[in-house]
Amino acid sequence: MDFSLTPFEAVADRVYVAVAEPATVNVGLVVGTTGALLVDTGSSPAQGRAIREAAASVLGEAPLTDVVVTHAHFDHCYGLSAFAGPRTWGHRNLPEAREHERLAEELAELGLTRGDLALPARTFSLAATIDLGDCHAELVHFGPGHTTADVAVHVPARGVVFAGDLLESAPFAWAGPDSSLADWPRTLDGTLGTLRRDTVVVPGHGPAMDRAAAFIQRAELAWLEATLVALWDAGTAVEHVWDSTSDWPLPRAQAEEIAAVRFAQYERAGRPRRRPLPLLRPTHS
Ligand SMILES: [Zn+2]
């Protein structure tokens, strides 16, 4: 597996983003006068150490004081054990969210063991504030969306928001078995309502977005859920969803994978499907 890291590049005043592989994940760095905050930690302890070194080269003598993981997925969270020293932050649902059913398989694929993983020392339920001197960062959780433990990082003085995987610009936000697509648009509204016209929105994956692009993806997520509900109710099979409309805002393979996940969730929730009426059968005389 390719573990690599680009240098940190500025996206706003003393706010930087590096891109880590695998998964082309954005790693953020916010530098204040008394401290610095890292947003997400990469896919392994070794990658976490590489991120720490890259951050140190940007920071110079300034200390890395805080590290936040935006959610429990491997590409954001599994580098956390490389950050002994700084305060580490995450949502209080994160420990439970990390214990998913594919964990052992995923660790094997990454060449890791459970002992390589760490949890944040500090958790919160709604919000936490990190003082960085001449600016502060607000860590906020507005409810279920991409996962049950999503954290968005708002840095108002720098005009930047890190959205984690609540937004993705390449190719499109990912809804998996641990996502709540029906709640996701309303959860995003908490963050979107704070954006100014010139706010830089850093998604979990892909290039930075502007406010309009974030608004559009919110609408597309709502469209996706409404469309999947309608297709489920009509009894459409997953292999036929793509041909039902040409309006998909995401690639075919991703649309079909999300449809399969969502249909399984509807099934588990006991959502009825509209069935065609039974055909009249000829009766024997
Ligand atoms: Zn994710």
Side-chain angles (χ1 to χ4, degrees), residues 1-3 5 17-28 38-44 47-48 51 67-80 88-103 105-107 109-110 112 117-120 123 139-153 161-185 187-188 190-191 201-209 213-214 217-218 220-221 224-225 249-251 253-255 257-258 260-262 265:
M1 197 174 286
D2 170 28
F3 287 88
L5 181 71
V17 173
V19 180
E21 297 291 351
T24 318
V25 60
N26 289 326
V27 178
L38 184 79
V39 182
D40 283 333
T41 62
S43 297
S44 70
Q47 184 160 73
I51 289 169
V67 176
V68 59
V69 284
T70 58
H71 59 293
H73 287 164
F74 77 94
D75 44 334
H76 302 259
C77 188
Y78 288 8
L80 189 60
T88 55
W89 300 84
H91 189 261
R92 84 169 172 193
N93 292 342
L94 188 137
E96 188 184 345
R98 204 190 65 187
E99 297 302 316
H100 62 87
E101 57 190 26
R102 277 198 69 251
L103 180 60
E105 198 180 330
E106 188 179 72
L107 288 171
E109 285 166 8
L110 291 163
L112 304 178
L117 303 185
L119 290 170
T123 62
L139 316 181
V140 288
H141 172 79
F142 287 111
H146 174 64
T147 70
T148 56
D150 299 312
V151 174
V153 180
V161 167
F162 292 91
D165 285 359
L166 287 165
L167 292 169
E168 294 185 39
S169 62
F172 187 78
W174 187 264
D178 53 348
S179 302
S180 303
L181 188 56
D183 300 308
W184 191 331
T187 295
L188 256 181
T191 286
V201 181
V202 180
H205 305 263
M209 303 165 81
Q217 187 154 104
R218 187 262 185 230
E220 288 172 337
L221 285 161
L224 183 60
E225 171 65 0
L250 66 176
Q254 191 182 8
E257 203 161 334
I258 292 175
V261 165
R262 203 66 191 107
Q265 290 174 328

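Along the sequence shown, residues carry numbers from 1. Just so you know, ligand 1 is whichever comes first in the structure, and atom 1 is the first atom listed for that ligand. The structure displayed is predicted, hence computed values, not measured ones.
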Which single N/O/S atom of [X] lies at minimum distance from the Zn ion (ligand 1)?
| X | answer |
| --- | --- |
| H146 | NE2 |
| D165 | OD2 |
| H73 | ND1 |

Smallest separation among heavy atoms of L119 and L80, with atom names
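Closest heavy-atom pair between L119 and L80: C-CD2, 3.5 Å.
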
Any idea which heavy atoms bring F172 and Q254 closest together, and the distance?
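Smallest heavy-atom distance, with atoms named: O-NE2, 3.2 Å.
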
R102 and E109 ion-paired at < 4.0 Å:
yes

Hydrogens and angles aside, do T70 and D40 bring a side-chain donor and acceptor to less than 3.5 Å of each other?
yes

